[in-house]
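Just so you know, ligand 1 is whichever comes first in the structure, and atom 1 is the first atom listed for that ligand.
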Amino acid sequence: MLKTFKSATLTLVVCFGSPAIHADEAVTVAHAWVRATAPGQRVAGAYLEISSAAPSRLVAASSPVAGSVEIHSMRLENGIMTMRQLESLELPAKQTVKLEPGGLHIMLLDLKSPLKPGDKVPLRITLQYADRSKTVVEVQAEVRSAAP
Ligand SMILES: [Cu+2]
């Protein structure tokens, strides 16, 4: 099943597993963007807002432009911005969780080529529900030099 919403943000929702159980448990992803890379930079932060109708966890992300993708948190520790990899990110039901600069983000690592403003980066995000079933959400994130 493939649904396309055409707006400022392009969102593709692909459902795997048990549609009978999760048909009404929609996932919404909005404002997905990736920061453009500086020359020689091989990593980039990806940001978006995500909301799940049912309680779930963001457990994985991937992109064809990156060798690997991690979920990161960022916080100020002793005056230094420190990033930490998260195994998963809790998504309480019907709450919008914001991944944004200076906070939670998706980290694209080992980039295969530079990311220029205006490029579109496909992001594939995997959510896991309490019963361990999974949903994969595909998003086209726009590359930008600054937050929208
Ligand atoms: Cu990071």
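For a distance bound of 2.8 Å, the N, O or S atoms of M74 include none lying that close to the Cu ion (ligand 1). Taking backbone and side chain together, Q85 holds no N, O or S atom under 2.8 Å from the Cu ion (ligand 1).
Of the residues listed (M74, H72, E77), the one engaging T82 in a side-chain contact (heavy atoms from CB on, under 4.5 Å) is E77, and it is the only one.
Taking the N/O/S atoms of H105 in turn, the shortest distance to the Cu ion (ligand 1) belongs to NE2. If you look at H72 and ask which of its N, O or S atoms sits nearest the Cu ion (ligand 1), the answer is ND1.
Both L111 and V34 are members of a single hydrophobic cluster when ILVMFWY side chains are connected at heavy-atom separations under 4.5 Å. With hydrophobic clusters built from ILVMFWY side chains whose heavy atoms lie under 4.5 angstrom apart, M107 does not share a cluster with L99.
Here the side chains of T135 and Y129 are in contact, with some heavy-atom distance below 4.5 Å.
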